[in-house]
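To find a chain, count down the sequence lines: A is the first, B the second, and so on, and within it residues start at 1.
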Protein chains: 2
Amino acid sequence: MGTRQLHTVGEVASLAGVTVRTLHHYDRIGLLVPSGRSESGYRLYAYADLERLREIRLLRELGFGLDAIGRLLDVAAYDRRSALVAQRDLLVERLERTQRIIRGVDRALKATAEGKEMDETEMFEGLEEFDHTRYEAEVEQRWGDSEAYKESKRRTSGYGKADWTRIKKEGDAVFARLAELLARGARADGREAMDLAEEHRRHIDRWFYPCSPGLHRQVAALYTADPRFEAYFEKHGSGLAGYVQEAIRANEVRSTS
Amino acid sequence: MGTRQLHTVGEVASLAGVTVRTLHHYDRIGLLVPSGRSESGYRLYAYADLERLREIRLLRELGFGLDAIGRLLDVAAYDRRSALVAQRDLLVERLERTQRIIRGVDRALKATAEGKEMDETEMFEGLEEFDHTRYEAEVEQRWGDSEAYKESKRRTSGYGKADWTRIKKEGDAVFARLAELLARGARADGREAMDLAEEHRRHIDRWFYPCSPGLHRQVAALYTADPRFEAYFEKHGSGLAGYVQEAIRANEVRSTS
DNA sequence: GTAGGGCCTAACGTCGCGTCAGGGTCAAGA
DNA sequence: TCTTGACCCTGACGCGACGTTAGGCCCTAC
């Protein structure tokens with residue numbers, strides 16, 4: 001560790017393909033503080049700093065905000081391996097999304113060739129900024145080729161647009177009520193919050209896939225990590241993402257005791 | 001055409017997975033002006049508007065700025081088919097970039113498993129914000145599986161980091177001198193500018209692939225279209241991208257006459 | 001006829017840097 | 001030894017692409 005040379009900002013910048021200003025910025029906000037300084041105040045980056053920078057750039061490329069990245073890397077520090085695996089999963093997901101978009105372009109090509117118009121509902125496949133029901137289906141896809149996933153796929157494939165709207169509405173209602181609780185200052189491990197967490201679990205269990213309290217907690221962990229989820233949550237009240245996660249965890253404890 | 005229903009902002013927003021505010025914004029800056037308004041001033045979007053929105057969102061997903069998108073779509077309006085094909089190419093390029101990043105993560109996984117450190121120069125593969133020599137090699141990759149491409153690949157694979165630095169410096173020098181000309185107010189179709197364009201062509205021809213004036217012009221067309229190129233150019237003087245393109249075009253005319 | 005959801009414009013806020021401005025540092029050559 | 005040019009530092013303002021109120025009109029539904 002650290003056997004290799006230290007680098008100045010400029011060197012790191014050209015290595016990583018970012019500007020010096022970017023590194024200054026990351027330092028200022030505490031996201032990437034170089035592990036050393038020279039006598040004259042020059043920033044000095046060690047190998048570990050480069051590793052961290054790589055992960056920062058990777059997550060930014062995937063659209064995460066800098067504060068979310070900070071939290072993710074703090075969590076990731078405990079287990080490098082599974083953090084890397086998680087990053088891999090996110091990348092593979094993007095691969096698939098990109099392929100969906102390509103198929104959309106192919107459909108557009110076919111449509112223009114035939115002089116027809118495309119189906120408006122499938123025009124934007126893969127391009128939606130964040131449709132959280134659709135995403136929820138993808139989330140547990142990451143949980144592997146589990147029976148749960150296949151079951152989910154089997155069920156959701158039968159839903160029409162109207163079903164999706166209704167299901168989404170039902171899910172949103174739960175979050176809205178949790179937001180109220182949060183605003184009222186109710187505790188996340190209080191009975192009301194736990195009841196709503198349980199309701200959410202059953203919602204998933206019913207419409208998507210069998211969802212045990214344990215799996216539910218794992219899914220909830222993603223809520224605070226993913227920027228698209230987070231943007232959605234924070235709209236409904238600052239700190240809601242973490243609040244929901246706590247409530248779900250509390251509900252799991254309750255259900256297993 | 002236009003046989004289908006008109007949509008309000010909210011409908012379009014949920015179809016495309018963007019916010020109403022985003023549509024307002026696109027309208028304000030003239031990027032996507034709905035083709036109609038109701039009596040009461042409501043925006044009304046027709047099918048053609050949705051198509052345009054799809055392309056806007058696709059290009060944004062790929063990192064283009066809104067003004068660049070506007071220009072691209074203006075150009076694209078002449079030939080829908082080749083515009084779609086170009087979009088497809090960009091997406092495939094991203095697919096490949098994502099795969100390179102994944103391979104990087106795999107290397108990181110291997111390194112941590114073995115307790116080693118990664119090679120610093122290959123840590124950021126696929127993550128660089130814009131290395132323009134490397135990009136230049138990719139640009140003509142889009143020109144198909146031409147002999148030129150294979151030749152380029154054969155040549156560039158032999159270059160080391162030092163070579164790249166030198167080649168990049170050489171290329172930058174040409175642009176710097178063009179920027180001077182632009183600042184001095186020299187004409188893009190003047191002798192000096194054309195000479196520099198010719199120098200640039202030979203630069204590519206020597207280090208990358210056989211580059212005729214015609215191919216050179218086609219590559220130059222990408223300069224004004226791609227955000228990464230553009231960012232690079234504008235740093236060296238406002239309007240440089242367009243200036244370079246003009247000079248190259250003028251040089252082509254000169255060389256064929 | 002009024003309540004609730006959707007639409008309008010206007011205008012300020014935010015995030016991730018880009019871009020000066022003003023000034024030390026350092027290795028190389030005259 | 002002195003100077004020159006490349007690189008580093010810390011502010012601090014600017015910008016693109018929206019997010020987010022704020023204040024008010026429209027419209028369907030009970």
Side-chain angles (χ1 to χ4, degrees), chain A residues 6-14 16-34 36-45 53 56-57 59-70 129-130 165 169 172 176 227-228 230-238, chain B residues 6-14 16-34 36-45 53 56-57 59-70 129-130 165 169 172 176 227-228 230-238:
Chain A
L6 298 174
H7 300 280
T8 66
V9 262
E11 288 165 7
V12 174
S14 74
V18 301
T19 67
V20 170
R21 173 66 175 108
T22 299
L23 295 174
H24 284 175
H25 187 57
Y26 292 170
D27 187 1
R28 171 80 55 98
I29 64 174
L31 180 59
L32 179 66
V33 180
R37 288 265 184 162
S38 80
E39 266 183 38
S40 45
Y42 284 22
R43 270 165 263 253
L44 295 176
Y45 294 84
L53 178 57
I56 291 170
R57 294 308 298 173
L59 292 170
R60 271 241 18 108
E61 169 89 24
L62 289 173
F64 288 80
L66 294 183
D67 56 344
I69 292 177
E129 186 74 2
F130 165 45
T165 309
K169 207 161 194 170
D172 285 358
R228 295 179 290 179
E230 186 151 8
Y232 173 80
F233 272 125
E234 298 304 317
K235 211 162 54 188
H236 292 279
S238 158
Chain B
L6 298 173
H7 300 281
T8 65
V9 259
E11 288 164 7
V12 174
S14 74
V18 300
T19 68
V20 170
R21 172 65 174 110
T22 299
L23 295 174
H24 283 176
H25 186 55
Y26 292 171
D27 187 0
R28 172 79 57 98
I29 65 172
L31 180 60
L32 180 66
V33 180
R37 288 265 186 162
S38 80
E39 268 183 36
S40 44
Y42 285 23
R43 271 164 263 253
L44 295 176
Y45 293 84
L53 178 57
I56 291 170
R57 293 309 298 173
L59 292 171
R60 270 240 23 107
E61 170 89 24
L62 290 173
F64 288 80
L66 295 184
D67 56 344
I69 292 176
E129 186 74 3
F130 165 45
T165 308
K169 208 161 194 168
D172 284 359
R228 294 180 289 179
E230 186 152 6
Y232 173 79
F233 273 126
E234 298 304 317
K235 210 162 54 187
H236 293 281
S238 159

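Picking from C/dC7, D/dC18, D/dC8 the nucleotide with the shortest atom distance to the side chain of B/Val9 gives C/dC7. Residue A/Arg57 places its side chain closer to C/dC17 than to any other of D/dG11, D/dC8, C/dC17.
Regarding B/Leu6, its CG atom lies at a distance of 14 Å from the P atom of C/dC7, rounded to whole Å. One can place CZ of A/Arg21 at 12 Å from C1' of C/dC15, the figure rounded to the nearest angstrom. Here the C1' atom of nucleotide D/dG11 and the NE2 atom of A/His25 are 15 Å apart, to the nearest Å. Taking atom CD1 of B/Ile56 as the reference point, atom C1' of D/dA17 lies 13 Å away to the nearest angstrom. Protein atom CG of A/Leu32 is 15 Å distant from nucleotide atom C1' of C/dC17, rounded to whole Å. Atom C1' of nucleotide D/dG16 and atom CG of B/Asp67 are separated by 9 Å, given to the nearest angstrom. One can place CG of A/Leu23 at 10 Å from P of C/dC17, the figure rounded to the nearest angstrom. In this structure, A/Asp27 atom CG and D/dC8 atom C1' are separated by 13 Å, rounded to whole Å.
The phosphate of C/dC17 has neither OP1 nor OP2 within less than 4.0 Å of any side-chain N or O from A/His24. Residue B/Thr22 places at least one side-chain N or O under 4.0 Å from the OP1 or OP2 atom of D/dG19. Within the structure, a side-chain polar atom (N or O) of B/Arg60 is placed less than 4.0 Å from OP1 or OP2 of D/dC18. For C/dG18, one of the phosphate oxygens OP1 or OP2 lies less than 4.0 angstrom from a side-chain nitrogen or oxygen of A/Thr19.
Map B/Gly10 and A/Ile29 each onto its nearest nucleotide of DNA chain C; the residue landing nearer the 5' end is B/Gly10. Of the two residues contacting DNA chain C, namely B/Thr8 and B/Arg28, the nearest-nucleotide position lying further toward the 5' end is that of B/Thr8.
Side-chain atoms of B/Val20 and B/Leu23, non-hydrogen and from C-beta on, never get closer than 4.5 Å to each other. Side-chain contact check for B/Leu53 versus B/Tyr45: every heavy-atom pair is 4.5 Å or farther apart.
DNA chain D is contacted by A/Arg37, A/Gly41, A/Tyr42, A/Arg43 of residues 36-44 of chain A, taking any non-hydrogen atom closer than 4.0 Å.
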Only pairs under 3.5 Å count here: list side-chain donor-acceptor contacts from residues 26-34 of chain A, not counting sequence neighbours, and write none if there are none.
from	atom 1	to	atom 2	distance (Å)
A/Tyr26	OH	A/Arg57	NH1	2.8
A/Asp27	OD2	A/Arg37	NH2	3.2
A/Asp27	OD2	A/Arg43	NH1	2.5

